[in-house]
Number of protein chains: 2
Amino acid sequence: MPVTTGKRADAQRNVAAILDAAAACLIRDPDASVSDIAAAAGVGRVTLYGHFGSRTELLDAVFVRALTRAHEALDAVDLTGDAREALARLVASSWQVVDESRMLLVAAQRTLPAERIRDLHENPMRRVRSLLERGRAAGVFRFDLTADWLVAVFYTILHGAADEIGAGRLAPEAAADAITATLLAAFTPPGRPVPG
Amino acid sequence: MPVTTGKRADAQRNVAAILDAAAACLIRDPDASVSDIAAAAGVGRVTLYGHFGSRTELLDAVFVRALTRAHEALDAVDLTGDAREALARLVASSWQVVDESRMLLVAAQRTLPAERIRDLHENPMRRVRSLLERGRAAGVFRFDLTADWLVAVFYTILHGAADEIGAGRLAPEAAADAITATLLAAFTPPGRPVPG
DNA sequence: GTCTTGTCGAACACCTCTGTTCGAGTTAAT
DNA sequence: ATTAACTCGAACAGAGGTGTTCGACAAGAC
C-alpha cells in the first residue's frame, strides 16, 4: 500500500490507474496476472512493482479500496426509524455493491489469507450488527439465535443472491425484494407473523 | 473418469487410493498439485496420469464421487410426513456433508467450469425442490418467492453455516438448530407465525 | 533550468506446475 | 509359467508466472 501523499503527480495518477485496472481485470479473471493488470493500466510492469511490492500487496490494496468505497456508500443509508424498514433500505443499497464486487472477493480469497479477509469485513459487519441489535431491542428481530449467526445470514443471503444473478436464475430487478423478504422472515422472532 | 470394470485388481486399488488421497489433499489445500496427490496416494505421478488424463479430469472425478456419496447418504433421509419436520431432518443430515466437502467445492470452483458445477448440483437440488413444493402444497411454505430462489437460500445457508464453523464463530453442535430455525422462518408464508 | 523522481522495455534468474516419454521392473490373470 | 497389464523413477520439454536489475529516457517540482 504505497503512500499517495508526497508522491509526484504522475505517480499518483499511475497508482490510481493501476488500482482501477486491477479491479477491472480481477473481476473478469480472478487469476489475472501482474502483466495483464499493468498492460490494462497502460503502465509497464516495472512501474507497477515500483508502487506495489508484490502481487499480493496489490490485491490487498484493491480489496481495501473496494471495501472502503462500499463502506462510504453505505454510510449514506438512513438506518433510523423502524428497524425492519431500515433493513429493507440497507438491503436495497447493499445488494448491488455485493453483486459488483463479488468477483473481487473471489480473487481476494485466492491470494489473501482468510484471516485478512475476515478482518476487513469487520467494519461492514458492525453496521449490520448494530441495526440487528436495535431491532432486537424493539422486539421485531429474534433473540433465540446468536447475533453472530444472524449477521452471517445477512451476508450469506446477499452473496447467494449475487451468485444466483450471475447464474442467470435471479432477475436483477427482483433481487432486492427477494432478499428483503427472506431476511425479514429469517429475522422474525418465533411466534410472530412473517411480515409482507 | 477411468472405467473401473475390466481393470486389473491393483489398478482398481490405485484408482481408489488416488481418489481418496486427492480428496484429502484438496481439502487441506485447494491448489494441491498432482505430485502432492500422487505422493499422498503412495503412487507415482506417471501412474496417476495413466488413470486420469489431466488434473482437471481428476478433480472432476473426485467431485463427482463426493456428490454421489452425499446423494446416497441423503437418500436414507425420510422426507415424508410434515414438510417442516422433514426439512429439519434433511438439514440435520445435510449440514455435516456440506461442512466436510466445502473445501472440495472450493477446489472444484478453481478448476472446473462453473457450468459443470451447476450441472452436478442439479440432482441434490431436486430433492430440496420437491420437498419445498410439497410443503407449499400443504400451505406451510411460502409461494410469494420463486422456487429457484428458495432452493438457493437452502444451499446458501448451509454453505454459510459451514463457513462460520470454519471461522470458529459457530459451534458445530449448535449448527443444525440454527440452520433449521433460520430456514423454517425463511420458508414461512407471510402472515403466518414463525415456528419455534 | 536544473535536479530529483519516476517511467520504460528488455532481459534475466528462478520457480512451480503440467503432461509425456523411456526402459526396466513388478504384479495379477489364466 | 507365460503373458499381458500395470507400475515406477528419472528425465524431458514447455508454458507461465513472479520479482529484479540495468541503463536510457521523460516528466514533474522548485
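Proteins come first, then strands; the chains are lettered A, B, ... in the order of their sequence lines, and each starts at number 1.
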Open item on the list: OP1 or OP2 of dC6(D) versus the side-chain N and O atoms of Asn14(B): is any pair under 4.0 Å?
Closed with: no

TODO: Remember a base hit wins even if backbone is also touched, and classify Arg55(A) as base, sugar-phosphate or nothing at under 4.0 Å, heavy atoms.
DONE: sugar-phosphate

- [ ] Return the 5'-most residue of the pair Val34(B), Arg13(B) with respect to DNA chain C, ranking by each residue's nearest nucleotide.
- [x] Val34(B)

Task: Value rounded to 0.5 Å, distance of CG in Leu170(A) from CD1 in Ile165(A) - done: 5.0 Å

Task: N/O donor-acceptor pair, side chain Arg8(B) with base dA5(D), under 3.5 angstrom - done: yes

Task: Atom-pair distance (CD on Gln12(B); P on dT27(C)), nearest Å - done: 18 Å

- [ ] Measure from the side chain of Ser33(B), starting at C-beta and using heavy atoms only, and say which of dT18(D), dC8(C), dT18(C) lies closest.
- [x] dT18(C)

- [ ] Can you check whether any acceptor in the base of dG19(C) is under 3.5 Å from a donor in the side chain of Arg45(B), or vice versa?
- [x] yes

Open item on the list: Using whole Å, what does the distance between atom C1' of nucleotide dG9(C) and atom CG of Leu48(A) come to?
Closed with: 15 Å

TODO: Report the distance from atom CZ of Arg110(B) to atom P of dT18(C), rounded to the nearest whole Å.
DONE: 14 Å

- [ ] Round to a whole Å and report the spacing from CG of Asp29(B) to P of dC17(C).
- [x] 9 Å

TODO: Using the rule that two of Ile, Leu, Val, Met, Phe, Trp, Tyr join whenever any of their side-chain heavy atoms come within less than 4.5 Å, decide whether Leu112(A) and Val34(A) are in one cluster.
DONE: yes

Task: Separation of atom CG in Asp36(B) from atom P in dC17(C), rounded to whole Å - done: 7 Å

Task: Most 5' of Val46(A) and Val46(B) on DNA chain C, judged by nearest nucleotide - done: Val46(A)

Task: Basic-acidic side-chain contact under 4.0 Å: Asp31(A), Arg110(B) - done: no

TODO: For Asp10(B) and dT7(D), give me the distance from atom CG to atom P, rounded to whole Å.
DONE: 5 Å

- [ ] Identify which one of Leu79(A), Leu158(A), Leu90(A), Leu150(A) satisfies the side-chain contact (heavy atoms from CB on, under 4.5 Å) criterion when paired with Val128(A).
- [x] Leu90(A)

TODO: Find the distance His51(B):NE2 to dT7(D):C1' and express it as a whole number of Å.
DONE: 9 Å

TODO: To the nearest Å, give me how far apart OH (Tyr49(B)) and P (dT18(C)) are.
DONE: 5 Å

Task: Leu132(B) and Phe154(B), any side-chain heavy atoms less than 4.5 Å apart - done: no

